[in-house]
Asks: 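Dropping the structure in here first, questions after.
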Amino acid sequence: TDGTEASEGGEASHEWYYQEPTTGEPAGPWTVAQLHARWQRDETNGLTPVWHVGLESWIPIAEMSELKEKLREAVADVEERPAKRRRTLDEVPLIHTYTNEQGQLYVYDT
């Protein structure tokens, strides 16, 4: 990734790369949605350097206004979807099984 190729098709078509925090190696190409998922898993942050064809050098996400806007749009899309509700602890059956050395099965539930 040397940044000498011209970018075509607008910012939505960019394939993004980011630098792995532990190794400094480029990772990608990623879409904005994939970068958003990594953001949610704390694999990237505002200081993470990113790059795409057409940029001369790596730039922190916090300084990339076009990427920040796309990430905000991805967040808005996620927030508009109905959230999957996790069952409460009271809704989960608590069952524990134990098999002794003689092969007898014990089931404990509440």
Side-chain angles (χ1 to χ4, degrees):
T1 53
D2 61 6
T4 59
E5 298 177 37
S7 177
E8 295 180 9
E11 61 191 50
S13 65
H14 288 319
E15 292 182 327
W16 292 92
Y17 295 80
Y18 71 92
Q19 285 183 347
E20 289 284 350
T22 53
T23 63
E25 292 293 317
W30 306 111
T31 64
V32 172
Q34 290 170 320
L35 285 177
H36 177 258
R38 281 160 181 72
W39 181 282
Q40 288 184 313
R41 292 192 303 259
D42 292 327
E43 294 175 14
T44 61
N45 59 44
L47 298 176
T48 302
V50 293
W51 178 88
H52 67 76
V53 173
L55 290 178
E56 293 182 19
S57 63
W58 293 87
I59 301 173
I61 290 175
E63 296 176 18
M64 286 296 304
S65 58
E66 68 179 89
L67 181 56
K68 282 180 15 181
E69 186 60 35
K70 292 293 181 185
L71 288 172
R72 284 186 189 117
E73 290 172 10
V75 169
D77 289 345
V78 169
E79 290 173 353
E80 290 175 6
R81 292 186 209 142
K84 292 182 181 177
R85 190 180 73 81
R86 296 181 72 183
R87 296 191 307 179
T88 65
L89 190 55
D90 292 334
E91 296 172 326
V92 177
L94 300 178
I95 298 173
H96 177 74
T97 61
Y98 168 75
T99 304
N100 68 11
E101 293 176 359
Q102 290 77 34
Q104 295 175 314
L105 176 67
Y106 296 89
V107 178
Y108 304 93
D109 60 303
T110 57

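Values below: every heavy atom of this structure, side chains too, minus hydrogens, waters and symmetry copies.
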Asks: For Glu43, enumerate each residue passing the side-chain hydrogen bond (donor to acceptor under 3.5 Å, both in side chains) test, keeping only those at least two apart in sequence or located in another chain.
Replies: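 Scan of Glu43 (side-chain hydrogen bond (donor to acceptor under 3.5 Å, both in side chains), adjacent residues dropped) gives Arg41.
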Asks: Suppose we screen for side chain to side chain contact (heavy atoms under 4.5 Å, CB included). Which residues come up paired with Gln104, at least two apart in sequence or across chains?
Replies: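 If we apply the side chain to side chain contact (heavy atoms under 4.5 Å, CB included) test to Gln104, skipping adjacent residues, the hits are Asn100, Tyr106.
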Asks: Hey, what do you get for CG (Leu47) to CD (Glu63), rounding to the nearest 0.5 Å?
Replies: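 The CD atom of Glu63 is 9.0 Å from CG of Leu47, to the nearest 0.5 Å.
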Asks: The criterion is side chain to side chain contact (heavy atoms under 4.5 Å, CB included); which residues satisfy it with Leu105, sequence neighbours excluded?
Replies: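 With sequence neighbours excluded, Leu105 shows a side chain to side chain contact (heavy atoms under 4.5 Å, CB included) to Thr97, Thr99, Val107, given in chain and number order.
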Asks: Do Ile61 and Leu71 have side chains that get closer than 4.5 Å, going by heavy atoms?
Replies: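 The answer is yes, as the side chains (C-beta and beyond) meet within the 4.5 Å cut-off.
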Asks: Can you name the side chain to side chain contact (heavy atoms under 4.5 Å, CB included) partners of Ala27, sequence neighbours left out?
Replies: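 Result, side chain to side chain contact (heavy atoms under 4.5 Å, CB included) vs Ala27: Tyr18, Glu20, Trp30.
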Asks: With a 4.5 Å cut-off on side-chain heavy atoms, are Trp16 and Lys70 touching?
Replies: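 They are not in contact (no side-chain heavy atoms under 4.5 Å apart), so the answer is no.
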Asks: How far does CG of Leu67 sit from NE2 of His36, to the nearest 0.5 angstrom?
Replies: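 Those atoms lie 11.0 Å apart.
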Asks: Donor-acceptor pair, distance only, cut-off 3.5 Å: does the side chain of Gln34 make one with the backbone of Thr31?
Replies: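 Looks like yes, one N/O pair under 3.5 Å.
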Asks: Apply side chain to side chain contact (heavy atoms under 4.5 Å, CB included) to Pro29 and list each qualifying residue two or more places apart in sequence or on a separate chain.
Replies: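 For Pro29, the residues satisfying side chain to side chain contact (heavy atoms under 4.5 Å, CB included) (neighbours in sequence not counted) are Glu15, Tyr17.
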Asks: Taking atom CD of Gln102 as the centre, does the number of heavy atoms from other residues, nucleotides or ligands within less than 6.0 Å exceed 12?
Replies: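 Buried by this count: over 12 neighbours within 6.0 Å.
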Asks: For Pro60 and Gly46, work out which heavy atoms get closest and say how close.
Replies: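 Between these two residues, the closest heavy atoms are CB-O, 3.6 Å.
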Asks: Nearest heavy-atom pair of Met64 and Val50: which atoms, and what distance?
Replies: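 It is CG-CG2, 3.8 Å.
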